[in-house]
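Report on the following structure.
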Amino acid sequence: MTTQVVQDFHQVVKERHSVRYYDPTVKISKAELEEILAEATLAPSSSNLQPWRFLVIDDQELKQKLHPIAYNQKQVLDASAVIAVFGDMEWFEKAEQIYTASVEAGYMTEEVKQQFVATANNGYRNMDDARKKSIVHIDGGLVSMQLMLAARARGYDTVPMGGFDGAKFKEAFEVPAHYENIMLIAIGKAAQPGRPTVRLPLSEITSWNAF
């Protein structure tokens, strides 16, 4: 099934809630999941090097396998799919490919491309692991939020999940060693609406020009 895209951004933002109860009869096609993922990857990333990687789990047997690893959360079984988001700790290896495509698209000159590739090779490659993890987690968070908004725009619901055994997940699904776990995102059609939540007032969380 294909769900009509909601165009009003304000409506999408206000209607997005974390949903934990899904209609197990609703299946999202591979084509539509790919559309949602493609829109998610329009998110910004450090030097446009796009360190995010995805594993889409929509096979029911594999969701059963994931269920205990995700501490038996019911949405793993009932959602249409669970999307695992990773950060590739060797993301800078894609610099040549990405910047060559930018040159071919007319977005940068060959000279600028060479400067960017040099920065990736000499800068990111030599960073310590703590700084690398910080970058992939920031960029992974950006793409994950955009994924959830893209899903909501199609009338689907999501919930981000940090509650899973990362080591067991990587072992069970043979995740490459250089992939850093970011989060799991369940996606599907709500069987029950997400619980209403409140937000702190801006006056308590925002300062202007100085603290």
Side-chain angles (χ1 to χ4, degrees), residues 18-43 45-46 49-94 97-98 124 127 129-152 154 156-191 194:
S18 293
V19 168
R20 291 173 174 80
Y21 298 95
Y22 290 87
D23 181 346
T25 68
V26 174
K27 305 300 178 187
I28 305 176
S29 69
K30 179 181 179 181
E32 196 165 14
L33 284 169
E34 287 178 338
E35 289 176 5
I36 291 169
L37 287 166
E39 290 182 357
T41 62
L42 297 176
S45 61
S46 181
L49 286 175
Q50 308 160 50
W52 41 68
R53 307 289 181 261
F54 308 103
L55 174 64
V56 180
I57 302 169
D58 62 354
D59 178 86
Q60 198 60 33
E61 287 189 9
L62 292 178
K63 288 194 285 179
Q64 291 279 0
K65 181 179 179 180
L66 174 59
H67 189 226
I69 295 171
Y71 306 135
N72 300 310
Q73 296 179 77
K74 185 171 172 54
Q75 63 264 27
V76 169
L77 298 178
D78 292 343
S80 300
V82 176
I83 300 173
V85 183
F86 306 96
D88 184 349
M89 292 286 283
E90 298 176 358
W91 78 98
F92 42 82
E93 300 285 1
K94 297 287 188 182
Q97 177 184 345
I98 291 170
Y124 294 121
M127 283 182 177
D129 279 353
R131 291 183 68 190
K132 288 177 180 176
K133 286 183 180 180
S134 177
I135 289 171
V136 301
H137 275 273
I138 290 171
D139 291 351
L142 290 168
V143 80
S144 296
M145 187 70 252
Q146 189 135 313
L147 190 160
M148 290 185 282
L149 292 175
R152 183 61 244 160
R154 284 173 168 73
Y156 294 121
D157 299 285
T158 57
V159 60
M161 303 163 58
F164 64 100
D165 187 316
K168 288 183 179 179
F169 176 73
K170 294 185 81 170
E171 179 182 1
F173 287 87
E174 299 182 343
V175 177
H178 58 282
Y179 280 17
E180 176 80 1
N181 291 326
I182 304 296
M183 69 180 74
L184 304 177
I185 301 175
I187 179 171
K189 271 282 191 178

| What's the shortest heavy-atom distance between D59 and E61, and which atoms? | OD2-N, 3.1 Å
| said: Rounded to the nearest 0.5 Å, what separates atom CG in L66 from atom CG in D165? | reply: 11.0 Å
| Say you draw a straight line from CZ of R20 to OG1 of T158; how long is it, rounded to the nearest 0.5 Å? | 10.5 Å
| remark: Note: Q75 and A186 closest approach over all heavy atoms is CG-CB, 4.1 Å
| query | Got more than 12 heavy atoms from elsewhere within 6.0 Å of OH, Y21? | reply | no
| So, does K63 use its side chain to make a donor-acceptor pair with the main chain of A79 at under 3.5 Å? | yes
| Under a 4.5 Å cut-off applied to non-hydrogen side-chain atoms, are F164 and V76 in contact? | no
| query | How about I57 and F173: do any of their side-chain heavy atoms sit closer than 4.5 Å? | reply | yes
| said: If you compare all heavy atoms of G141 against all heavy atoms of I182, which two are closest, and at what distance to 0.1 Å? | reply: N-CG2, 4.4 Å
| Salt-bridge contact R53-D88 (side-chain N to carboxylate O under 4.0 Å) | yes
| query | Which heavy atom in N181 sits nearest to a heavy atom in H137, and how many Å separate them? | reply | O-CE1, 3.3 Å
| remark: So CD1 of I185 and CE of M145: to nearest 0.5 Å the spacing works out to 8.5 Å
| request: Verify side-chain contact (heavy atoms from CB on, under 4.5 Å) between L55 and F169, making sure each step is shown before the conclusion. | output: CA-CA 11 Å; L55 174 64; F169 176 73; 4.3 Å; yes
| field | salt_bridge(D157, K189) N-O dist < 4.0 Å | value | no
| request: Report the C-alpha distance between V56 and L37 in whole Å, list the side-chain angles of each, state the deciding distance to 0.1 Å, and finish with yes or no for side-chain contact (heavy atoms from CB on, under 4.5 Å). | output: CA-CA 10 Å; V56 180; L37 287 166; 3.8 Å; yes
| How about K133: does its NZ atom have over 12 heavy atoms from other parts shown lying under 6.0 Å from it? | no
| Under 4.5 Å between any side-chain heavy atoms of I135 and L49, yes or no? | no
| query | Considering only heavy atoms from C-beta outward, does the side chain of L77 approach that of Q60 to under 4.5 Å? | reply | yes
| Approximate separation, where rounding is to 0.5 Å, of Q146 CD and M148 CE | 10.5 Å
| said: To the closest 0.5 Å, what do you measure between CZ (R152) and CD1 (I187)? | reply: 10.5 Å
| message | Could you check whether any side-chain N or O of S45 sits under 3.5 Å from a backbone N or O of Q50, counting only pairs where one atom can act as donor and the other as acceptor? | response | yes
| request: Indicate, with yes or no, if the rings of F86 and Y179 have centres closer together than 6.0 Å. | output: yes
| query | Where do Q73 and G163 come nearest, in terms of heavy atoms and distance? | reply | NE2-O, 2.8 Å
| query | Any chance CD of E171 has more than 12 other-residue heavy atoms, nucleotides or ligands included, within less than 6.0 Å? | reply | no
| query | OG of S46 to NZ of K132: how many Å apart, nearest 0.5 Å? | reply | 13.0 Å
| message | Are E39 and R154 packed together at the side-chain level, in the sense that at least one heavy-atom pair is separated by less than 4.5 angstrom? | response | yes
| remark: Residues A172 and I69: closest non-hydrogen pair is CB-CD1, 3.6 Å
